[in-house]
Student: 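What follows is a single structure, and I will ask about it in a moment.
Since this is a predicted model, take the numbers as computed values, not measurements.
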Amino acid sequence: MNTQNEQHHRRELMFQRRFINYPFLGFALVIALLNIFFPDITVMMTLFGLFFLYNVAILFVAFIHHFKRTMILALILTILSLVLFGLTFYLYGLTNHFFS
């Protein structure tokens, strides 16, 4: 019984490392480089929207595999990415005078 729990925990950590840790570092580097060299709000809005969809997919897969800790982490990251997408969408509306 204990070995099944250890295997499940090991699979959860592998999933978290492969699909959360490394892609988030890559996404952060892409965002930082694009903000430095090409600061456009539409590009950031698109990237944050794609990032939100990626987080929803990770949340779904973690739910299917019953990874409880990873599911809570993915839920928090999904909410935060939704907030970032909403803020960039709001800033896009302000810069293009959609609210006046």
Side-chain angles (χ1 to χ4, degrees):
M1 192 74 122
N2 197 12
T3 59
Q4 284 182 342
N5 288 339
E6 289 174 3
Q7 274 186 333
H8 184 73
H9 185 65
R10 191 177 307 123
R11 283 183 41 226
E12 183 176 3
L13 289 177
M14 289 282 288
F15 176 81
Q16 190 173 352
R17 182 176 43 200
R18 285 183 187 161
F19 295 106
I20 294 179
N21 294 352
Y22 295 143
F24 276 59
L25 286 173
F27 181 75
L29 288 174
V30 166
I31 291 295
L33 290 175
L34 281 176
N35 268 329
I36 291 171
F37 297 116
F38 191 66
D40 187 20
I41 190 72
T42 56
V43 173
M44 291 301 121
M45 186 175 61
T46 304
L47 286 176
F48 283 131
L50 290 174
F51 189 55
F52 170 69
L53 291 176
Y54 179 78
N55 282 326
V56 168
I58 291 297
L59 179 62
F60 177 72
V61 172
F63 176 74
I64 294 296
H65 288 294
H66 302 288
F67 296 151
K68 291 176 182 63
R69 293 173 62 196
T70 305
M71 191 170 32
I72 292 170
L73 174 65
L75 180 65
I76 292 169
L77 293 172
T78 302
I79 291 169
L80 289 175
S81 65
L82 179 63
V83 168
L84 282 174
F85 178 65
L87 284 174
T88 54
F89 197 71
Y90 178 71
L91 289 174
Y92 180 76
L94 281 181
T95 57
N96 291 319
H97 307 292
F98 289 150
F99 301 119
S100 59

Student: Which residue pairs pass the side chain to side chain donor-acceptor pair (under 3.5 Å) test when at least one of the two sits in residues 26-35, sequence neighbours left out?
Tutor: none
Student: Using the test side-chain hydrogen bond (donor to acceptor under 3.5 Å, both in side chains), find all partners of Thr46 that sit at least two apart in sequence or belong to another chain.
Tutor: none
Student: Kindly work out whether a path of hydrophobic side-chain contacts (I/L/V/M/F/W/Y, heavy atoms less than 4.5 Å apart) joins Leu84 to Leu50.
Tutor: no
Student: Using side-chain contact (heavy atoms from CB on, under 4.5 Å) as the criterion, list what pairs up with Arg18, not counting sequence neighbours.
Tutor: Met14
Student: Cluster partners of Leu33, using ILVMFWY side-chain heavy atoms under 4.5 angstrom, listed by chain and number?
Tutor: Ile36, Phe37
Student: Please list, one pair per line, the donor and acceptor atoms closer than 3.5 Å that link side chains of residues 62-78 to other protein atoms, with sequence neighbours excluded.
Tutor:
from: Thr70; atom 1: OG1; to: Glu12; atom 2: OE2; distance (Å): 3.1
from: Thr78; atom 1: OG1; to: Asn55; atom 2: O; distance (Å): 3.3
from: Thr78; atom 1: OG1; to: Ala74; atom 2: O; distance (Å): 2.6

Student: If you group Ile, Leu, Val, Met, Phe, Trp and Tyr by side-chain heavy-atom gaps below 4.5 Å, do Phe60 and Phe52 land in one group?
Tutor: no
Student: For Tyr54, check ring-ring contact (aromatic ring centres under 6.0 Å, His included) against everything at least two apart and list the hits.
Tutor: none
Student: Within this structure, what is the CG-OG distance for the pair Leu59 and Ser81, rounded to the nearest 0.5 Å?
Tutor: 10.0 Å
Student: Membership question, hydrophobic clusters at under 4.5 Å side-chain separation (ILVMFWY): are Val43 and Ile41 in the same one?
Tutor: yes
Student: CZ of Phe89 to CG of Leu82: how many Å apart, nearest 0.5 Å?
Tutor: 12.0 Å
Student: Only counting residues at least two apart or in another chain, list the ones meeting side-chain contact (heavy atoms from CB on, under 4.5 Å) with Leu87.
Tutor: Val83
Student: Do the two ring centres, one from Phe85 and one from Phe51, sit under 6.0 Å apart?
Tutor: no
Student: Are Leu13 and Phe24 co-members of a hydrophobic cluster defined by side-chain heavy atoms under 4.5 Å apart?
Tutor: no
Student: Under 6.0 Å from the CZ atom of Phe38, do we count more than 12 heavy atoms belonging to anything else shown?
Tutor: no
Student: Counting only heavy atoms from other residues, nucleotides and ligands, does the tally under 6.0 Å from NE2 of His8 exceed 12?
Tutor: yes
Student: In terms of hydrophobic clusters joined by side-chain contacts under 4.5 Å, are Leu91 and Leu47 together?
Tutor: yes
Student: Got a sec, which residues hit ring-ring contact (aromatic ring centres under 6.0 Å, His included) with Phe99, two or more places apart in sequence or on another chain?
Tutor: Tyr90
Student: Using the side-chain contact (heavy atoms from CB on, under 4.5 Å) criterion, which residues pair with Tyr22? Sequence neighbours excluded.
Tutor: Arg17
